[in-house]
Amino acid sequence: MLSYTIIESTPSFVYGRFDLADTSSLSESIEEAIDEDGYHQGEIGSDCEDSDEPDIELETRQATINWLQGDFDFKDEITDLVREINDLCLDVHFDYAPDWQYTVYIDPNDHYDWHQDFYEEDEKDEDFKRTLSASFCLSSDDCYEGAEFFIKDQSETNVRVFKMRYGDFILFPSDVEHRVNALRSGERISLVVWFGVDLDDNN
C-alpha cells in the first residue's frame, strides 16, 4: 500500500499527500507506461474511446490530456488507496475506475473552468456514472505558477484553494464543483482518475 498522510477532510473533499518515495515510484511507473506507448492522446471534452468529438469549448477548458491504457502496477495500488480513504472519510459508492487521465498544463492560460465531473442529466446519455474523482499532483510546486485547484466546500461561498505540491492528492464526490485556475508559467502534471458505477439500461 502506498504511504500517505491525510491533511484535511471535509464532506466535500479529502486532501492528502504521498510519501516522496512513493510519489517518485508512481511517476516512474507512469513514465514507463507512456514510453511503452501505453497511452492514447485525447481531445478536450472527449473520453478515452472517442477522441474525435469534443463537447467542451476551449474557453471552458484548455490542457493536454492522455488516456493511460492497459493494466499497470500502480493502478491497483491507487485503487486500494482511494477505497481505503473513501471508506474512512467520504463513503461514496463506486465499483471501479475505467478512465485514467495523464493531464499536463503547460501552455499559458491552460485551465479548466467551474464544472462537475458528473451531472444528473448525464445519466440519460452515459453508461458509466462517475461518483468519486481523484487528482494526484506529479509536479513540484516550484515548477509552476498558477493552475491552483479550487473546490466548493459545501456552499457557493466557501471556496477552498490549493496550490498542489509534488505528491499531493485530492479526492471528492464527482458532483462537487471545482476548477483549475489558469497556468501562468511552468508545467503542472497530474494523474486524474474517475471511479464510479455502471448505469442500468433503464437509467
Side-chain angles (χ1 to χ4, degrees), residues 1-27 29-30 61 63 74-97 99-105 110-119 129-184 186-197:
M1 172 68 79
L2 295 165
S3 300
Y4 66 90
T5 300
I6 294 177
I7 299 170
E8 183 176 1
S9 175
T10 81
S12 298
F13 66 85
V14 177
Y15 192 82
R17 182 169 300 134
F18 286 139
D19 287 352
L20 287 179
D22 286 339
T23 306
S24 296
S25 178
L26 174 62
S27 296
S29 296
I30 294 174
R61 186 183 188 189
F74 69 85
K75 283 191 173 183
D76 289 339
E77 293 184 67
I78 290 289
T79 299
D80 289 344
L81 175 144
V82 168
R83 198 174 297 279
E84 177 177 290
I85 297 174
N86 176 61
D87 288 347
L88 286 171
C89 303
L90 295 173
D91 197 27
V92 173
H93 176 66
F94 71 84
D95 294 323
Y96 70 112
D99 299 333
W100 297 68
Q101 187 183 102
Y102 184 77
T103 308
V104 181
Y105 292 86
D110 275 3
H111 70 287
Y112 200 167
D113 210 347
W114 284 113
H115 67 287
Q116 297 173 198
D117 289 335
F118 199 88
Y119 294 87
K129 178 178 181 179
R130 295 173 175 175
T131 59
L132 185 67
S133 301
S135 180
F136 304 88
C137 184
L138 301 178
S139 294
S140 173
D141 60 332
D142 60 4
C143 291
Y144 71 94
E145 291 294 333
E148 299 90 353
F149 190 96
F150 289 61
I151 189 166
K152 294 182 181 179
D153 187 7
Q154 304 181 73
S155 77
E156 291 291 319
T157 55
N158 187 16
V159 177
R160 306 295 304 280
V161 183
F162 297 97
K163 173 70 181 289
M164 297 181 74
R165 305 192 306 178
Y166 187 61
D168 283 4
F169 62 83
I170 187 163
L171 312 180
F172 53 95
S174 298
D175 60 358
V176 172
E177 281 195 290
H178 56 288
R179 68 185 288 257
V180 177
N181 197 29
L183 182 76
R184 291 191 292 277
E187 178 181 77
R188 179 160 91 80
I189 299 172
S190 58
L191 173 67
V192 181
V193 188
W194 296 277
F195 299 82
V197 297

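When every heavy atom of Phe74 is checked against every heavy atom of Ser29, the shortest pair comes out as CD2-CB, 3.5 Å. Here the closest non-hydrogen pair linking Leu90 and Pro11 is CD2-O, 3.8 Å. Considering all non-hydrogen atoms of both residues, Leu138 and Ser27 come closest at CD2-OG, 3.6 Å. Residues Ser3 and Asp22 share a closest heavy-atom pair of N-OD2, 2.7 Å. Closest heavy-atom contact between Val176 and Lys152: CG1-O, 3.5 Å.
Formation of a donor-acceptor pair under 3.5 Å by the Ser12 side chain with backbone atoms of Gln154 is found in this model. His178 places no side-chain N or O within donor-acceptor distance of the main-chain N or O of Trp114, the cut-off being under 3.5 Å. Using modelled atom types, no side-chain atom of Ser174 and backbone atom of Asp117 make a donor-acceptor pair closer than 3.5 Å. Asn86 places a side-chain N or O within donor-acceptor distance of the main-chain N or O of Asp91, the cut-off being under 3.5 Å. Here the side chain of Thr131 pairs a donor or acceptor atom with the backbone of His93 at under 3.5 angstrom.
Using cut-offs of 30° and 60° on the angle between ring planes, the pair Phe94 and Phe195 is tilted. The aromatic rings of Phe149 and Phe172 sit tilted, their planes meeting at an angle between 30° and 60°.
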field: Full working for side-chain contact (heavy atoms from CB on, under 4.5 Å) between Glu156 and Glu177
entry: CA-CA 9 Å; Glu156 291 291 319; Glu177 281 195 290; 3.5 Å; yes
message: Show, in sequence, the C-alpha distance, side-chain angles and deciding distance for Glu148 and Arg188, and conclude whether the salt bridge (Lys or Arg N to Asp or Glu O under 4.0 Å) test is met.
response: CA-CA 10 Å; Glu148 299 90 353; Arg188 179 160 91 80; over 6 Å; no
message: What verdict does the side-chain contact (heavy atoms from CB on, under 4.5 Å) test give for Leu191 and Ile30, after you've listed the backbone C-alpha separation in whole Å, the side-chain angles of each residue and the deciding distance to 0.1 Å?
response: CA-CA 9 Å; Leu191 173 67; Ile30 294 174; 4.1 Å; yes
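Atom CE of residue Met164 and atom CZ of residue Arg17 lie 9.5 Å apart, to the nearest 0.5 angstrom. Once rounded to the nearest 0.5 Å, the distance linking CD1 of Ile170 with CD of Glu8 reads 8.5 Å. Here the straight-line distance linking atom OG1 of Thr23 with atom CZ of Phe169 works out to 9.5 Å at 0.5 Å rounding. Atom CG of Leu26 sits about 5.0 Å away from atom CD1 of Ile78, to the nearest 0.5 Å. Going from atom CZ of Phe136 over to atom CZ of Phe18 covers 5.0 Å, rounded to the nearest 0.5 Å. Considering OG of Ser139 and CG of Asp168, their distance stands at 11.5 Å, rounded to 0.5 Å.
By the salt bridge (charged side-chain N to carboxylate O under 4.0 Å, His left out) test, Asp153 pairs with Arg160, sequence neighbours left out.
Cation-pi geometry between Lys163 and Tyr144 is satisfied (NZ or CZ under 6.0 Å from the ring centre, within 45° of the ring normal).
Ring centroids of Phe13 and Phe162 are separated by less than 6.0 Å, placing the two rings close together.
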